[in-house]
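Following: one structure in structure tokens, then a few remarks.
Lettering follows sequence order; numbering is per chain, from 1.
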Amino acid sequence: MNNKEIEKVLREIGIYLEMKDIPFKPRAFERVADTINELNEEVNNIYKNGGIKAVKKIPGVGESIAGIIEELIKKGKSKDYQRLQKEIPVKLSEFEFIEGVGPKTIKTLYKKLKIKNLKELERATKSGKIRKLPGFGVKSELNILKSIDFLKKSGGRFIRAYILNQIKEIELGLNKLRETNKVIIAGSTRRKKETIGDVDILVTSKNPKKVMDYFVNISGVLKIIAHGDTKSSIKLKNGLNVDLRVVPEKSYGAALNYFTGSKNHNIELRKLAMDKGLKLNEYGLFKDKKQIAGRNEKEIYEKLGLNYVEPELREMRGELDLVKNNKLPKLIKVEDLKGDLHIHTDWSDGSLSIEEMANEGIKMGLEYMIISDHSKGLTVANGLNEKRFQKQWKEIDKFNKKIKSKGIKFKLLKGIECDILKDGSMDLSDKILSKFDIVGGSIHSLFNLSKIEQTKRIMKAMDNPHVDIINHLTGRLINRRDAYNIDIDKIISHAKKTKTILEINSFPDRLDLKDDYIKKCVEGGVKIAINSDAHATSHMHYLEFGVDQARRGWVEKNNIINTWPLKKMLKMLK
DNA sequence: GCCGTTTTCGGCCCGACTGTTTTCAGTCG
């Protein structure tokens, strides 16, 4: 069983216990499910290497849950889980995205109407049976129906980079209001997560009602979910939920901290406050009834005896242990990038010429760019053979000469995105690969090899003395395609051994490596490049999202080779 | 069910909003 499956069972056990009104236990299961969701390592491996003792070291896992996990790994099932399923045979996962329907409601629906899945819920809603239940009414029935309708149309999370402009527009509108003072996007958007479930906006204002009235009436609203004095929530036509909170100025920092999350980071902060005899909520840090901090985030951390923690780090991945010793990383910024090592042109599947792409790089203030078109194996992308590459080099030389004569400090380099073939050999010969300034290797075929084969394939490519970088290592497409099956730890340690650089591909639906893997690279001393993989000039600005991803992986400037000046960067290659 | 450099027992983060009630349970973040 993999982590996702184990997580699901534990989370559902928690929901079942909640249905049965059992106190505290649901939280215990939920907590472990959250932890496993964010775990870097497969629980399966932890168990294989260290047995049940190692499993118990996972925070929140004790005697009982460790037993359940062992059972899941050994037998693929859990007696406790099965017993609960038998008692209330409901497809919990189908109800997950129905707004306003939680454990207690699911239980009532089952007990009174024998509703076990979404289909039966929809039928009952349409026949007006729900409104007759105690505690329900016409409105709750309608809400459930709307929620089901919506789920059919969309579902899932949004890629942050693709909806950022829409969010910024809402932010701008709020900023223009006379009644608002501070306006800031909090939540997972501020933590720069690759995908976001909803948007949290925070506003300070002396006239919250006006702000709320404006907000629920902005254009593009499909439905008003809540409309209160200090909190409102809307659903936009594309399905995105946006929450707005208004707080007084003196609570701005506390509220920002609270609504930035993550939830687990906040919970730990509150516990820290409690240890000091204080209370932390979204209105401030309090000693008895007196507010001692909360105007800004920094003073809250300070009063808790901590340095400021950047939003990207607030995921309970060890940041609160490190911050106590002043050992948090100094995160990379987008201005630190001096070059882009992965650019396509109309020589293969890009849409613009070498010169057009290069000019955009100059405009962005980059000092160098690698032209890295596809190799011949990728025929769908008009990949280049040796002859065409040699022709392309002449054009690159010509451009560099022209630039130099104009006195512009910028250089184009000769690169390639070379296909890694099934057996790990490269699409072009070593002889020609040796002539490029920089060689990137990519997998564009045979995504479904076994874990052993795929891992071997990539490791062999790394062994090639000319392959400097592995591009988009795991091949995932967010919301569309899973990563290939690889042994990430083995590959990262092989990258270190062979001095191969790993790419953070900045394309919003790739963002490959993902943050956990980036953190592993940093910890393992593997060098990284942040590249745009641009096929048009607009894509070149995606570098920003690659940097965001890097920051979530605890990356400092020094970990990234394209923060170095050209000469030094080239020295870091094989 | 989990956890502990005060604790192996007695605590467990906290508040807003809705829809149903007529003081509150359920949900959400």
Side-chain angles (χ1 to χ4, degrees), chain A residues 10 13-35 55-69 80 95-109 130-144 147 186-189 191 196-202 208 212 216 223-235 241-247 251 254-255 257-286 316:
Chain A
L10 295 176
I13 291 177
I15 296 173
Y16 279 126
L17 296 173
E18 179 98 51
M19 285 180 182
K20 290 156 72 88
D21 261 327
I22 295 170
F24 302 112
K25 291 189 191 184
R27 296 281 316 162
F29 279 90
E30 189 192 348
R31 229 190 102 206
V32 177
D34 284 343
T35 305
V55 173
K56 270 197 252 178
K57 290 236 170 79
I58 300 170
V61 176
E63 201 66 42
S64 175
I65 293 183
I68 295 174
I69 291 176
D80 292 321
F95 292 88
E96 193 185 347
F97 294 109
I98 304 297
E99 259 161 18
V101 174
K104 300 289 167 64
T105 309
I106 296 174
K107 184 184 171 191
T108 309
L109 292 171
I130 306 279
R131 68 181 76 172
K132 290 179 191 143
L133 295 175
F136 292 75
V138 177
K139 255 193 167 162
S140 31
E141 188 175 88
L142 212 64
N143 276 337
I144 291 174
S147 197
S188 47
T189 310
R191 300 203 313 280
I196 58 177
D198 57 18
V199 179
D200 299 284
I201 306 180
L202 188 68
M212 289 303 171
V216 298
K223 182 182 152 190
I224 299 168
I225 298 167
H227 183 181
D229 292 337
T230 63
K231 180 185 173 184
S232 289
S233 187
I234 55 174
K235 186 186 277 295
N241 279 4
V242 186
D243 294 346
L244 180 69
R245 289 287 290 241
V246 180
V247 295
S251 300
N257 184 251
Y258 179 78
F259 290 108
T260 297
S262 67
K263 193 167 80 177
N264 287 331
H265 179 89
N266 286 347
I267 288 174
E268 288 308 311
L269 285 186
R270 284 179 184 210
K271 285 185 189 163
L272 270 179
M274 280 173 68
D275 290 347
K276 291 184 185 298
L278 308 171
K279 190 176 85 164
L280 178 64
N281 61 24
E282 60 260 54
Y283 297 109
L285 184 63
F286 296 90
M316 279 315 285

How does protein contact run along nucleotides 23-29 of chain B, one letter per nucleotide 5' to 3', with B for base contact, S for sugar-phosphate only, - for none, heavy atoms under 4.0 Å?
---SSSB

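- Using modelled atom types, no side-chain atom of A:K235 and backbone atom of A:K223 make a donor-acceptor pair closer than 3.5 Å.
- Nucleotides B:dC2 and B:dC13, compared at atom P, are 15 Å apart to the nearest Å.
- A search for side-chain hydrogen bond (donor to acceptor under 3.5 Å, both in side chains) contacts involving A:R31 returns nothing, not counting sequence neighbours.
- When rounded to the nearest whole Å, the span between CZ of A:R131 and P of B:dG19 equals 15 Å.
- Judged by Watson-Crick or G-U wobble contacts below 3.5 Å, the nucleotide B:dG4 has B:dC9 as its partner.
- Between B:dG10 and B:dG15, the two C1' atoms lie 25 Å apart (nearest whole Å).
- Between the side chain of A:D200 and the backbone N or O of A:A186, no donor-acceptor pair lies under 3.5 Å.
- Separating the C1' atom of B:dG29 from that of B:dT22 is a span of 28 Å, rounded to the nearest Å.
- Residues A:K139 and A:F29 each lie close to DNA chain B; by heavy-atom proximity, the contact nearer the 5' end of the strand is made by A:F29.
- Look at A:F24 and the base of B:dC12; the rings stack, centres closer than 5.5 Å and planes less than 30° apart.
- Rounded to an integer number of Å, the gap from A:L244 CG to B:dC17 P is 11 Å.
- Of all heavy-atom pairs spanning A:N266 and A:G261, the tightest one is ND2-CA, 3.5 Å.
- Set against B:dC14, B:dA16, B:dC2, the side chain of A:R245 has B:dA16 as its closest nucleotide.
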List the steps, then state whether side-chain contact (heavy atoms from CB on, under 4.5 Å) holds for A:R191 with A:I196.
CA-CA 10 Å; A:R191 300 203 313 280; A:I196 58 177; over 6 Å; no

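- Put simply, A:S140 has a side-chain N or O that comes within less than 4.0 Å of OP1 or OP2 on B:dT20.
- Side-chain N/O atoms of A:N281 include none lying less than 4.0 angstrom from OP1 or OP2 on B:dC13.
- Separating the NE2 atom of A:H227 from the P atom of B:dA16 is a distance of 16 Å, rounded to the nearest angstrom.
- Contact annotation for A:V138: backbone-only contact, meaning every heavy-atom pair under 4.0 Å involves sugar-phosphate atoms and none involves a base.
- Annotation: B:dC17 and B:dC9 have their C1' atoms spaced 37 Å apart (nearest Å).
- No option in A:D198, A:N241, A:D243 other than A:D243 meets the side-chain hydrogen bond (donor to acceptor under 3.5 Å, both in side chains) test with A:S233.
- Counting to the nearest Å, the P atom of B:dT20 and the CD1 atom of A:I130 are 12 Å from each other.
- If you take atom P in B:dT21 and the same atom in B:dG26, they sit 13 Å apart, rounded to whole Å.
- Computed from coordinates, the A:M212 CE to B:dT18 P distance equals 10 Å when rounded to whole Å.
- Among the protein residues, A:P59 comes within range of the sugar-phosphate backbone only, with heavy atoms under 4.0 Å from sugar or phosphate atoms but none that close to a base.
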side-chain contact (heavy atoms from CB on, under 4.5 Å) between A:N264 and A:T35, intermediate numbers included
CA-CA 9 Å; A:N264 287 331; A:T35 305; 5.7 Å; no

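- B:dG1 and B:dT8 have their C1' atoms separated by 14 Å, with the value rounded to a whole Å.
- The interatomic distance linking A:N143 (CG) with B:dC17 (C1') rounds to 12 Å, in whole Å.
- Taking side-chain N and O atoms only, A:Y16 has no distance below 4.0 Å to OP1 or OP2 of B:dG1.
- Panel note: side chain A:E141, backbone A:R131; a donor-acceptor pair is recorded below 3.5 Å.
- B:dG4 atom C1' lies 11 Å from atom CG of A:D275, rounded to whole Å.
- Separating the C1' atom of B:dT23 from that of B:dT18 is a span of 15 Å, rounded to the nearest Å.
- A salt bridge between A:E282 and A:K231 is absent, with no side-chain N of the basic residue lying under 4.0 Å from a carboxylate O of the acidic one.
- For A:I22 and B:dC2, the CD1 to C1' distance is 15 Å, given to the nearest whole Å.
- Using atom P as the reference point in both B:dG19 and B:dC12, the two lie 31 Å apart (nearest Å).
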